[in-house]
Structures are given as structure tokens and as C-alpha cells.
There are 2 protein chains.
Amino acid sequence: MDTAQERTAEQELPYNVFAKACPSRGTLEHVTGRWGALTLGALSDGSLRFNELRRRVDGVSEKMLSQTLHALERDGLVLREAQPTNPPRVDYELTPLGREVATRLLGLIHFVEGRMDDVLEARERYDAARGGL
Amino acid sequence: MDTAQERTAEQELPYNVFAKACPSRGTLEHVTGRWGALTLGALSDGSLRFNELRRRVDGVSEKMLSQTLHALERDGLVLREAQPTNPPRVDYELTPLGREVATRLLGLIHFVEGRMDDVLEARERYDAARGGL
DNA sequence: CCGTATCCCTTACGATACTG
DNA sequence: CAGTATCGTAAGGGATACGG
């Protein structure tokens, strides 16, 4: 048996992202994926329309933004509100669950942004040690 | 000009992941990417050898694990320690910076795992509303 | 304005085989 | 054990055009 002391109060959860077949892995990918993370981050300031969102998430194509929003809506993280006006107006906003995810995500994003100098420095060291060979 | 009131006490950081050309976007992708996130998560318990890591991150191929580790090492998040023994032994562990990233990442991972029931429920509602059309 | 559909290219990825 | 090399497939993703 393994020393229970070592496993730091780990809950026996039904979902484990490290297991290949676990559905949580798919959701994590929606959340942390290239466009998913940025979309959730952008929406954390409040609701946005499709094209507003598209401008905030610099570089995303219509296709990928649409696809990303569908996945996040399906997972219950984003709410889509279409108003039957003309011209049409559609607002996207985070659900309560989505807000919790976005908060954690933004913590990570801001941390990475704040440490980019260290990262860039590490890269130079790595490249210097390897490129010189 | 934009109303300064709207921008909620936002620091003027030199790096902004929402900008297409910012290097922080690349690092975020290494960290949150499919295998990057799981690798960092697996290493947060302590150092692991290549094949131990491979078993923990269920489903990763040798190629992708190797590639992922190189990217994380280059960004200064993972430390590689090779011992010139025979057979060779190589240990991977998180750097202090890597530990901070992994902590935030695990917070997100555990949160998602803990809310998977809500996510799965949301999916059923979504599919029921759409599949029935 | 809000998307979907199509085309097409590039990258990611996995399987396998091989080297130190 | 710890990887690298090569190959083929599958998915990601951008551009454009078009529909509601």
C-alpha cells in the first residue's frame, strides 16, 4: 500500500483528467485551448457581441470564434442571447460556472504575462547552450 | 479617447496575451496546451522519469511528450537532469516558476473535474434543444 | 450584423522503427 | 531507459463567399 501521508488529502473524485477516456479532458481542452482561453478571458469583463469579441481576441477567424463559442455554450460556460431585431444583435456572456473558470484562467494568464521576462531570459539561455553546439 | 473609468484599475503591463504578436501567447499555449497542462500537473507531485511521466499522462506518445518537455524546459518551467549512468536515467522536475504555474493550473483542473456533472448536464440540455430539431 | 458552408493548406499527432 | 527519425493520417485553422 502507499503511505496515506504522502497523498496530500486527495479527494477520490469520479473524474480524472489524467485518464485518457475521461470527459473532463475534453472540457479542459475547450477551456484552455488556443481560442477558448482567450474567449473566456475576454468575456470576463462583461457581455460582448460577436464582432466585439472578434476584435478583442486578436487574430481569431470567424469560423474559429463561432466554433469556440458553440463548444463553450454547450459546456454551460457561456450564455448566448439573441435578440430578434433587425439588424440582429447577439450578446455572449459568462454563466456563473463560466465566471469561476474564467477567474482561475485569468489568474494564470496574468501570472504568465507578469513573468514573461523570466521566460524570455530562460529561452535565451537554453538557445545559447544549444545553438552554440 | 476611452473613459478611464471603464478600464478597471488595469495595470499597464508590457505583455498582453490578447495581442496576436505577443510572445506571452505562445507561452500560454505551451502551458495550457493539450499535453503541456497534463505534464505540468503530473510533475507537481515531484520529479519523474521519462517513462513514469509517460504512464501518468495517459495517452501521450513518446514523440509528443519529448516535444512538450523541450518546450517547457526552454521556457524555464521544467528542469531536466540527466545522469550519465548506464542505463541512462533522466529526471524531470518543475522549476520554482514552473511550480507556480502548475499550482494555478491544478486549481483550474481540479475545479473543472469537480464541476463535470454540471458540464455534462449542460451538454444534455444543449443537445436536447438542438438534436430535436 | 451574425453567422454558416466551402475550400484548401498547414500543423498536430500517433505508430513504428531505430540509435546511444 | 531515453529518446530521435520518418511517415501517413487526422484535425486545426484561415480566406472567402454566401444566407438569415
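Quantities reported herein were computed from a predicted structural model and do not represent experimental measurements. Per chain, numbering begins at 1; letters A, B, ... match sequence-line order.
Counting only heavy atoms from C-beta outward, the side chains of B:Ile109 and B:Arg104 never approach each other to under 4.5 Å. By the 4.5 Å heavy-atom criterion applied to side chains, B:Tyr15 and A:Leu120 are counted as neighbours. Taking the side chain as every heavy atom from C-beta outward, B:Arg56 and B:Leu43 never approach each other to under 4.5 Å. At least one side-chain heavy atom of B:Arg34 sits under 4.5 Å from a side-chain heavy atom of A:Glu29.
Counting only N and O atoms by type, the side chains of A:Thr27 and B:Arg123 include a donor and acceptor under 3.5 Å apart.
A:Thr32 contributes a side-chain N or O that, together with a main-chain N or O of B:Thr32, makes up a donor-acceptor pair within less than 3.5 Å. Between the side chain of B:Thr95 and the main chain of B:Leu77, a donor-acceptor pair closer than 3.5 Å is present. Panel note: side chain A:Glu100, backbone A:Leu97; no donor-acceptor pair is recorded below 3.5 Å. Within the 3.5 Å criterion, the main-chain N or O of A:Lys20 finds a donor-acceptor partner in the side chain of B:Asp58.
Taking a 4.0 Å limit (strictly below) on heavy-atom distances, residues 69-83 of chain A reaches DNA chain C at A:His70, A:Arg80.
Closest-nucleotide positions on DNA chain C for A:Arg49 and B:Arg54 were compared, and the one nearer the 5' end corresponds to A:Arg49.
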Indicate every side-chain donor-acceptor pair of residues 85-92 of chain A with a distance under 3.5 Å to a residue at least two apart or in another chain.
{"unit_1": "A:Thr85", "atom_1": "OG1", "unit_2": "A:Pro87", "atom_2": "O", "d": "2.9"}
{"unit_1": "A:Arg89", "atom_1": "NE", "unit_2": "A:Asp91", "atom_2": "OD2", "d": "3.1"}
{"unit_1": "A:Tyr92", "atom_1": "OH", "unit_2": "A:Arg80", "atom_2": "NE", "d": "3.3"}

Side-chain atoms of residues 60-73 of chain B: list all donor-acceptor pairs with protein atoms under 3.5 Å, sequence neighbours left out, distances to 0.1 Å.
{"unit_1": "B:Ser61", "atom_1": "OG", "unit_2": "B:Met64", "atom_2": "N", "d": "3.2"}
{"unit_1": "B:Thr68", "atom_1": "OG1", "unit_2": "B:Met64", "atom_2": "O", "d": "2.7"}
{"unit_1": "B:His70", "atom_1": "ND1", "unit_2": "A:Tyr126", "atom_2": "OH", "d": "3.4"}

- prompt: Which nucleotides of nucleotides 13-20 of chain D have their base under 4.0 Å from a protein heavy atom (B), which only their sugar-phosphate (S), and which neither (-), written as one string 5' to 3'?
  reply: BBB-B--B
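Here B:Leu40 contributes atom CG and B:His30 contributes atom NE2; the two are 11.5 Å apart, rounded to the nearest 0.5 Å.
Backbone-only engagement by A:Asn51 is indicated by non-hydrogen atom pairs under 4.0 Å involving sugar-phosphate atoms exclusively.
The local environment of CD in A:Glu124 is sparse, with at most 12 non-hydrogen atoms from other residues, nucleotides or ligands closer than 6.0 Å.
Each end of the helix from C:dC1-D:dG20 to C:dG20-D:dC1 yields a helix axis from five base pairs, and these two axes differ in direction by 50° (to the nearest 10 degrees).
For DNA chain C, the span of nucleotides reached by chain A at under 4.0 Å from its heavy atoms goes, 5' to 3', from C:dC1 to C:dC7.
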